Each structure stands twice: as C-alpha cells, then as structure tokens.
Protein chains: 2
Amino acid sequence: MMADDHTEAEALEPEARPADPRAEAFQGVREARRNELAEDYVELIAELIHEHGEARPVDIATKMGVTAPTVAKTLGRLARDGLITRAKYRSVFLTEEGRALARECQQRHEIVLRFLLSLGLDPETAERDAEGIEHHVSERTLALFAAFADRS
Amino acid sequence: MMADDHTEAEALEPEARPADPRAEAFQGVREARRNELAEDYVELIAELIHEHGEARPVDIATKMGVTAPTVAKTLGRLARDGLITRAKYRSVFLTEEGRALARECQQRHEIVLRFLLSLGLDPETAERDAEGIEHHVSERTLALFAAFADRS
DNA sequence: GATGATTATTAGCCTTGTCTAACTTGTCGC
DNA sequence: GCGACAAGTTAGACAAGGCTAATAATCATC
Ligand SMILES: [Mn+2]
Ligand SMILES: [Mn+2]
Ligand SMILES: [Mn+2]
Ligand SMILES: [Mn+2]
C-alpha cells in the first residue's frame with residue numbers, strides 16, 4: 001500500500017478540467033474574447049479624449065457602429081469593472097486602470113497594424129484585420145511583429 | 001440642376017448606419033466573431049472523425065475544454081445552421097456544407113500556424129495564438145501569410 | 001440479459017451584447 | 001427664459017454561450 005504508482009492514472013494538475021493541450025488553447029482564446037470589447041472601448045475612448053477633449057457616448061456609438069443603448073449598457077459594465085467613470089448625461093472618463101489598458105491597447109494595435117502593412121497589405125484591409133487580430137496576439141508574438149515591422 | 005453634386009453630403013451607401021470607416025472595421029470584426037465558434041467546432045469534428053472514425057460529444061467537450069451540456073447546446077445550433085447532422089445519443093456528422101467549412105478552416109489554421117512558426121515563435125504559443133488569430137485573417141492577409149511561410 | 005459505468009440530454013440559471021421604443025435631460029438659438 | 005433638437009437613459013426583448021443538477025440512454029462485461 002505504500003506509494004501508489006497510478007491510483008488514478010493522473011491527478012496532479014491544479015487546472016480546471018483535464019487540460020488537454022488543445023483545451024488550454026481554446027480556454028485561452030475564450031479568455032481573450034472576454035476582454036475584446038473592453039479593450040476596443042477604452043482604446044476608442046482614449047482616442048476620442050485625445051482628439052476632441054472628451055468621449056461622448058454618441059461618438060462612441062458612431063465609431064463602434066452600434067446604437068446608443070448598446071453603448072450605455074457597455075459603459076455600465078466598464079464602470080462596474082473600474083475602467084471608466086461617468087456621471088449621468090455627461091461624457092466618459094478613463095480611470096487610471098482604464099488609461100493603462102488603453103495605452104497598452106493603442107501600442108499593440110499600432111504594432112499589429114504596422115506589421116500587416118510591412119507585409120504588404122493594403123491599409124484598409126490591414127486596419128480591419130488588425131482590429132480583430134490585436135486581441136489574440138501574445139506578448140511573444142507581438143515582439144516578433146514589432147521586430148519584423150522595424151526591420152522591414 | 002442636372003446631376004446633383006452634393007445634395008446631402010453623401011447618401012449612397014447601402015450600408016446600415018453611417019458607415020464611418022472605423023465602424024465598418026468593428027462591424028466586420030463582430031461578424032467574424034459570430035462564426036468563430038462554429039468554425040472551431042467543425043474543424044475539431046472533422047479532425048475527430050479523421051482520427052477516430054467518429055466525433056463524440058464527450059471528445060468534443062474534452063478538446064474544447066467545456067462541459068457536455070455546452071457542447072450539446074452548441075451542436076444544436078450547428079445542426080440548425082446546416083453544418084452537422086445528428087441523431088439522439090449518436091455521434092455527430094458533418095453535412096456537405098460543414099465539410100466544406102471544415103476544410104477551409106483546417107487549411108487556414110495550418111497556414112496561420114506555419115506562418116507564426118516561420119516567424120520564430122515557439123510551437124505552444126504559435127498554436128494558441130493561431131487558434132484565435134485564424135478567425136480574423138482576411139483572404140488577402142492569408143495569402144501573404146502563406147507566401148511568407150513558404151519563402152521562409 | 002442484468003447491472004454499473006460512461007455518455008448524452010434536458011431543464012434551468014446567468015452574463016454578455018445586441019436591438020427597438022419610449023422617455024428624460026441638456027444645449028443652443030433667439 | 002423658452003422651445004426644438006440632440007444626446008442620453010431606461011425598459012424590455014432576444015440570441016449566444018457558458019454553467020450545474022438531474023435524468024435517460026447506451027455500452028461493457030460478466
Ligand atoms: Mn479591436
Ligand atoms: Mn484596436
Ligand atoms: Mn480557432
Ligand atoms: Mn483552429
């Protein structure tokens with residue numbers, strides 16, 4: 001009875017569920033998906049503030065291509081999550097955390113965009129693809145993209 | 001009065017909503033998001049059928065890293081959308097449409113993966129990033145990725 | 001061919017993210 | 001300061017995609 005050899009085949013991962021390598025990849029993608037919208041919003045809000053001095057829901061709605069109530073509800077979640085502050089009927093501000101995330105997203109967006117352009121892609125397609133790809137690029141990949149774009 | 005020059009600044013897009021160029025990009029990304037899960041499922045189902053002769057919900061759940069009821073509900077949507085057929089308590093089959101989509105997704109996945117590897121990324125990270133990036137790569141970008149990977 | 005383990009389904013809950021319709025507030029011109 | 005119009009909010013619907021708990025069917029295996 002000493003030791004145990006293979007009481008249960010395996011039982012040591014502190015992971016949830018089996019942790020098939022493939023499953024881990026999918027879980028990572030799902031995790032990334034959960035943050036996509038917040039990332040796009042704070043990035044856009046930072047940009048609006050930079051360009052117009054303020055971020056109004058109506059402009060967010062126009063740029064995002066959604067309706068005003070959709071923006072309102074999303075802003076509610078962002079506020080709940082500590083990324084923005086807002087007062088009723090006023091424009092939106094980023095918290096320190098929101099600003100940090102925005103900065104990060106802007107840099108990442110710019111690197112992905114420059115990378116695609118340096119590959120020879122046309123600007124419109126590059127912008128569209130970058131908008132989706134940016135949320136699924138690891139730090140490591142981002143570094144490779146940056147290096148490639150620089151040494152293009 | 002002939003012609004019209006600029007009666008209304010612009011009013012010709014058959015698009016919904018203003019169609020700010022940015023908004024178009026975001027709408028494209030949202031569109032892509034709607035297909036991500038279906039793409040991952042049919043790709044995985046094709047792979048399971050190829051490797052084990054059949055695609056059982058339990059194996060889909062393991063590989064996707066989700067629970068069995070989640071798989072069941074998703075398979076319901078895939079069947080409704082004409083990508084798979086299934087009978088109660090039996091394993092799943094792809095329709096012709098599902099097979100076509102699976103082929104496309106497998107090829108695209110493979111190109112994105114090879115591209116990331118040829119950039120110098122380690123296999124684990126490459127696999128994880130490819131799983132997310134693949135759904136946001138346009139035909140044009142995919143062609144550039146393939147060319148780069150080949151001529152690496 | 002009974003029975004226990006594995007697999008699949010169903011029911012029901014929750015959050016996110018989208019919409020429309022209706023209402024409220026703010027702003028700007030006069 | 002009033003009234004219109006623009007902007008914002010609220011209410012409520014709906015689909016997707018995740019979960020747990022409970023139930024049902026299938027399959028091994030003896
Ligand atoms: Mn984006
Ligand atoms: Mn972006
Ligand atoms: Mn994928
Ligand atoms: Mn894939």
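What you are looking at is a predicted structure, and each value in this text was computed from that prediction instead of being measured. Convention: sequence-line order gives letters A, B, ...; per-chain numbering from 1.
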For this session: Hey, which sits more toward the 5' end of DNA chain C by its nearest nucleotide, A/T74 or B/A87?
Result: B/A87
Exercise. Salt bridge between A/R22 and B/E47, side-chain N to carboxylate O under 4.0 Å?
Worked result: yes
Problem set entry | Atom pair distance, as rounded to whole Å: CG in A/L75 and P in C/dT18 | 12 Å
Problem set entry | Side-chain N,O (B/R86) to OP1/OP2 (C/dT9) below 4.0 Å | yes
Exercise. Contact class for A/R77 vs. all strands (heavy atom < 4.0 Å): base, sugar-phosphate, or nothing?
Worked result: base
Exercise. Is the distance between the ring centroids of B/F148 and A/F148 less than 6.0 Å?
Worked result: yes
Exercise. With sugar-phosphate meaning primed atoms plus P, OP1 and OP2, does A/R80 contact a base, only sugar-phosphate, or nothing at under 4.0 Å between heavy atoms?
Worked result: sugar-phosphate
For this session: Starting from the C-alpha separation in whole Å, work towards a yes-or-no answer on side-chain hydrogen bond (donor to acceptor under 3.5 Å, both in side chains) for A/S138 and B/D129.
Result: CA-CA 7 Å; A/S138 61; B/D129 283 14; 2.7 Å; yes
Problem set entry | Candidates D/dG8, C/dA11, D/dA25 - which lies nearest the side chain of B/P69 | C/dA11
Exercise. Within this structure, what is the CG-to-P distance between A/D59 and D/dA6, rounded to whole angstrom?
Worked result: 14 Å
Problem set entry | C/dT18 phosphate, OP1 or OP2, under 4.0 Å from B/R30 side-chain N/O | yes
Problem set entry | B/R90 and B/E54 ion-paired at < 4.0 Å | no
Exercise. Would you say C/dT7 has OP1 or OP2 under 4.0 Å from some side-chain N or O of B/R56?
Worked result: yes
Problem set entry | Distance below 4.0 Å between B/T70 side-chain N/O and D/dG17 OP1 or OP2 | no
For this session: Specify the separation, in whole Å, of atom CG of A/L37 and atom P of D/dG17.
Result: 15 Å
Exercise. Between A/E131 and A/R128, is the closest basic N to carboxylate O distance under 4.0 Å?
Worked result: no
Problem set entry | Whole-Å gap separating P (C/dG17) and CD (B/Q27) | 17 Å
Problem set entry | base_contact_polar (C/dT18 base, A/K73 side chain, donor-acceptor, <3.5 Å) | yes
For this session: Classify the nucleic acid contact of B/K88 as base, sugar-phosphate or nothing, counting any heavy atom under 4.0 Å across all strands shown.
Result: sugar-phosphate
Problem set entry | A/A72 side chain, from C-beta outward: closest of C/dA8, C/dT18, D/dT10 | D/dT10
Problem set entry | B/F26 CZ - C/dG17 C1' separation (whole Å) | 15 Å
